[in-house]
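Just so we're on the same page: letters track the sequence lines, and every chain starts at 1.
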Amino acid sequence: VSLSAVLTGESQPLDPHRIGSTLTGVWKEFQKTCADGNCMRLCSHNLLIVCSGPDRAAQVQRDLDELLPNYPGRAVVVTLDPAHSGPVQGDFRVFTRRRHLAGELVRLRFPADAPPLPSMVAPLWQDGLPMVLLWRGEPAYGTNWFQQLIENCTRFVVDTDFRPKETLGACVQPLAALWKLMRDPYLATHGFMDFSWGRLQVWRDWIASLFDRPDRRRLLPLVECIELENWAVPGATVPGLSSLYLSAWLVYHLKLPIVQKLSPIAGGHEARFGNVNFRFYSRSTDDEDMLGRPVRVTFRGSRDGQPFRLSVERDSTECSTLVLGGSGPCAPGSGHTLHLERMQTLTLLGQELETDGRDRQFERVLETLLRMTGAAADA
Amino acid sequence: MTMVESNPLREGLSSARTAPPCTVVIFGASGDLTQRMLIPSLFDLSEQRLVPPELSVLGISRRPFSDADFRQRVQPDDVNSTNWSNFSRGIFYLSGNHHELETYERLKARLAEIDSARGTQGNRLFYLAVSPTDFPVVMGHLSSHGLLSPPDYADPDESWVRVILEKPFGTDLASATLLNKEIHKLAPESQIYRIDHYLGKETVQNILTFRFANCIFEPVWNRRYIDHVQITASEALGVEERAGYYDQSGALRDMVQNHLLQLLSLVAMEPPASSLDDSIRDEKVKVFKALRVYDAAQVARETVRAQYTAGFIDGKPVPGYLQEANVPADSRTETYAAARFWIDNWRWEGVPFYLRTGKRLARKVTEVAIVFKRAPLMLFENHGGDTLEPNILVLRIGPEEGISLRFGTKIPGMTRRQRWVNMDFDYGTSFARPSPPAYGRLLHDCMIGDPTLYNRGDAVEVAWRVTQPILDAWAADTSPMPTYEAGSAGPRQSETWMEDEGRYWRKL
């Protein structure tokens, strides 16, 4: 491969069985261009992204184009393509920053499953640096090659589908599989994350901020009902994953014992934790992009016989604006709104690349979620 | 009613604690600082969700603005219009002279209105961006109007009143001591926050993390292994619009007495017992107390000062200091200051700390360089000669924030020659997100009641105790003022002063 072609930043053809030597060759040629030898091969992480289907891979590609120049590292994007039946195909590109080689992106296209994948990518990892595995789509849980990949990484990230399912079981099944993996003693030092949880960071911040004020903090023990709403297709009643995650987070942090697990009621679902009734509702939308995302979280209770309501709600006209609202004692005034950029995959991935070890809060919340939905036993 | 001590939902969130609602009252609000730093920082905190929506700002100065005028005046460029619209609803303005009683009567009424309308709960942060000589005046009026205590309607257990004093805190030891005495008559130290924006810089805070979160450096962080320390804050800019202030101040007061001595204290302090209480500030004060205080003869030996003459910056001709607008033709104000400080304690005995700062130097650099002792025996051929070069650990504060360690390595080949290479950590390549603005960090700390990154009264006084004899000796010295050409690395005296000891300034 000619260096001048590589330095254009365009994709170059790659023999999938000679990935390591090709990249080393590029680096050696690159070094020769620096007369004083003062150039570096920047690498802060290894990143493997496995995508079920070409659509997901195309989406990832756009994110990586932006991410890799900021997070220099070696990234391998694998597409599991049911339409592909021939040998593995590959190409690569490099990113440069000033006089440094600042990132390598390798793309591989496999048939629908990929038993040889671990043997092809394992030799590529730079020792001593984090190895983050991000899976877009349903991970190949249970297969040998998936297990090999997991054992070779330091951090495993999934992006569980946010959209509401027809049954509660279908909604929590992917989380149960993830939980099972997290409980594997052999993976005790691995980090785990679900982007669907990560995307709720803004909501968690805002819900928490409702109770930063000391006077509102005193209302917390007086909360009797928490309502969670998410966007769904018309007629859906099963809680979306966002509502389940947020409720599990609240249950865990408010230390509420499970009294009654999640069960259907008219128009939604209900559960009782401690003295608090949790109600889950859906709001209809045709907007595919909004399906499963939170609409509103409302806390209701009463103090000295006077009812209060505190809520965080997505603005009805502006999907990226959150509004703090309420009535009764300590209610926020008008104008408590904030426009926020939606948490992009890019931001979430960047955070993962900067994080070491396990996120204990995510672990506890996931466990709580499975317990409150009755799926813990299965997991 | 059950009391919930802390917000249980905050546990485990990556965001810092949201500050409680309050009104930030800015005295001197028509000044540049409000528009350039304070409002953009507060707005940034609001977008980061680090301040609550109730946060309100009340600007005070003599100029006759309406609330709308003031909002328009302080609106930062390129902001999200929805967020600015929400945030700016909490910005108000009060036209008044801070010397007049009547202003405070109106202020008190206005604060009560804001508390009622916006739920700020009687919490107040008074930001005094006025002349230091006016600090006691403003605080005296605030006190006599009961504004240094929370109002009667506020929760006595939760509400607070704090005062941020903008630098400079005094112009010499006597004025700083008097200022401390006067403000302590009006408010306890726990209410006073003396701001030095240098301490809010991410890379400055990282000095502590670097030293005390990594056990590999602390064992060599002492006189056994360190030859000397160089702290540099050079600027390519001249005095610009600040000639009036700068000519009264000079490089020593403007940079050394505060910023550079703060850096020195962070490099030299002992490990604090905790990061949560006043331990860090206690340790910094111990360093200041251990700094050697010079007599006039020592000042002549241990310091260098100079003024820039005309030269070139980035290829463009620039005037000398005496030719700058608003600078008296006979000014003897130093635009360059270098000093060798000694810390008389067990850790640093015999290790000089070289501090230098100046305007119109070759380039803008702020860094701390820890120069280690040379290896005792030269076993290998050196690339550049027969002397061994020391290891140097450089903590770069700006402009390219990072850390580098210089060490020797074998040049590939059949000989045993060695060459120096750098092992680099660069903030820009390791962390994609930019560092938060220093003022934002410090304002947030004040709102949550964390004074760690603020100067304590005793620290300010002991820092003045060290710099005052230098100021006095320089004032008494009638010999010609040394000069350096704009765009150079500083005066020749500064180089020879180092070379005489077999040491060299790091290249600018």
Side-chain angles (χ1 to χ4, degrees), chain A residues 38 40 42 44 67 69-72 97 100 102 201-202 204-222 249-250 252-255 303-304 315 318 320-321 324 330-341 347 350-351 353-355 359-362 364-365, chain B residues 1-21 46-55 79-90 116-121 123 155 157-159 411-412 419 421-426 428-433 448:
Chain A
N38 192 6
M40 285 194 290
L42 306 177
S44 62
L67 182 98
N70 289 323
Y71 291 86
R97 181 190 289 183
H100 308 310
Q201 190 180 313
V202 171
R204 286 184 279 135
D205 273 351
W206 264 62
I207 294 169
S209 75
L210 268 181
F211 299 99
D212 279 328
R213 272 176 50 172
D215 55 341
R216 292 215 201 108
R217 211 155 63 216
R218 291 186 200 115
L219 297 180
L220 262 178
L222 307 176
W249 170 66
L250 289 166
Y252 171 65
H253 282 290
L254 299 178
K255 297 185 171 53
R303 188 181 73 180
D304 303 330
D315 188 289
E318 172 54 72
S320 298
T321 301
L324 292 185
C330 314
S334 62
H336 289 186
T337 65
L338 185 66
H339 177 89
L340 298 160
E341 296 306 320
T347 315
Q351 284 180 2
L353 296 178
E354 289 178 357
T355 308
D359 180 338
R360 295 291 169 194
Q361 189 188 46
F362 172 60
R364 296 287 160 251
V365 167
Chain B
M1 185 177 292
T2 314
M3 180 63 190
V4 181
E5 291 298 334
S6 58
N7 181 354
L9 300 178
R10 276 280 161 209
E11 190 193 325
L13 287 186
S14 56
S15 58
R17 190 170 71 140
T18 300
S46 126
E47 288 204 303
Q48 305 284 326
R49 308 182 298 283
L50 295 174
V51 291
E54 291 89 352
L55 179 83
V79 288
N80 176 287
S81 57
T82 311
N83 288 353
W84 174 254
S85 163
N86 291 324
F87 177 77
S88 64
R89 273 183 220 149
S116 162
R118 294 187 52 84
T120 38
Q121 304 182 329
N123 297 326
D155 181 338
D157 296 328
E158 299 281 356
S159 57
I411 297 172
R419 202 194 73 176
V421 292
N422 277 334
M423 190 155 68
D424 258 320
F425 153 67
D426 180 353
T429 57
S430 298
F431 300 109
R433 74 175 70 100
I448 63 171

Heavy-atom distance under 4.5 Å between the side chains of R216(A) and N7(B), does that happen here? no
Using a 4.5 Å cut-off on heavy atoms from C-beta on, say whether the side chain of D212(A) contacts that of P52(B). no
Mind checking side-chain contact (heavy atoms from CB on, under 4.5 Å) for D215(A) and listing every partner two or more places apart, or none if nothing turns up? R213(A), R218(A), C330(A), Q121(B)
Say you draw a straight line from CD1 of I207(A) to CZ of R10(B); how long is it, rounded to the nearest 0.5 Å? 11.0 Å
Between CZ on residue R217(A) and CD on residue E158(B), distance to nearest 0.5 Å: 5.5 Å
Between L254(A) and L9(B), does a side-chain contact (heavy atoms from CB on, under 4.5 Å) hold up when you go through it step by step? CA-CA 7 Å; L254(A) 299 178; L9(B) 300 178; 4.1 Å; yes
Under the ring pair (Phe, Tyr, Trp, His ring centres under 6.0 Å) test, which residues partner F211(A), sequence neighbours left out? F299(A)
What closest approach, in Å, do Q361(A) and G12(B) show between heavy atoms, and which atom pair accounts for it? OE1-O, 3.5 Å
Contacting region of D155(B) [heavy-atom separation from chain A under 4.5 Å]: side chain
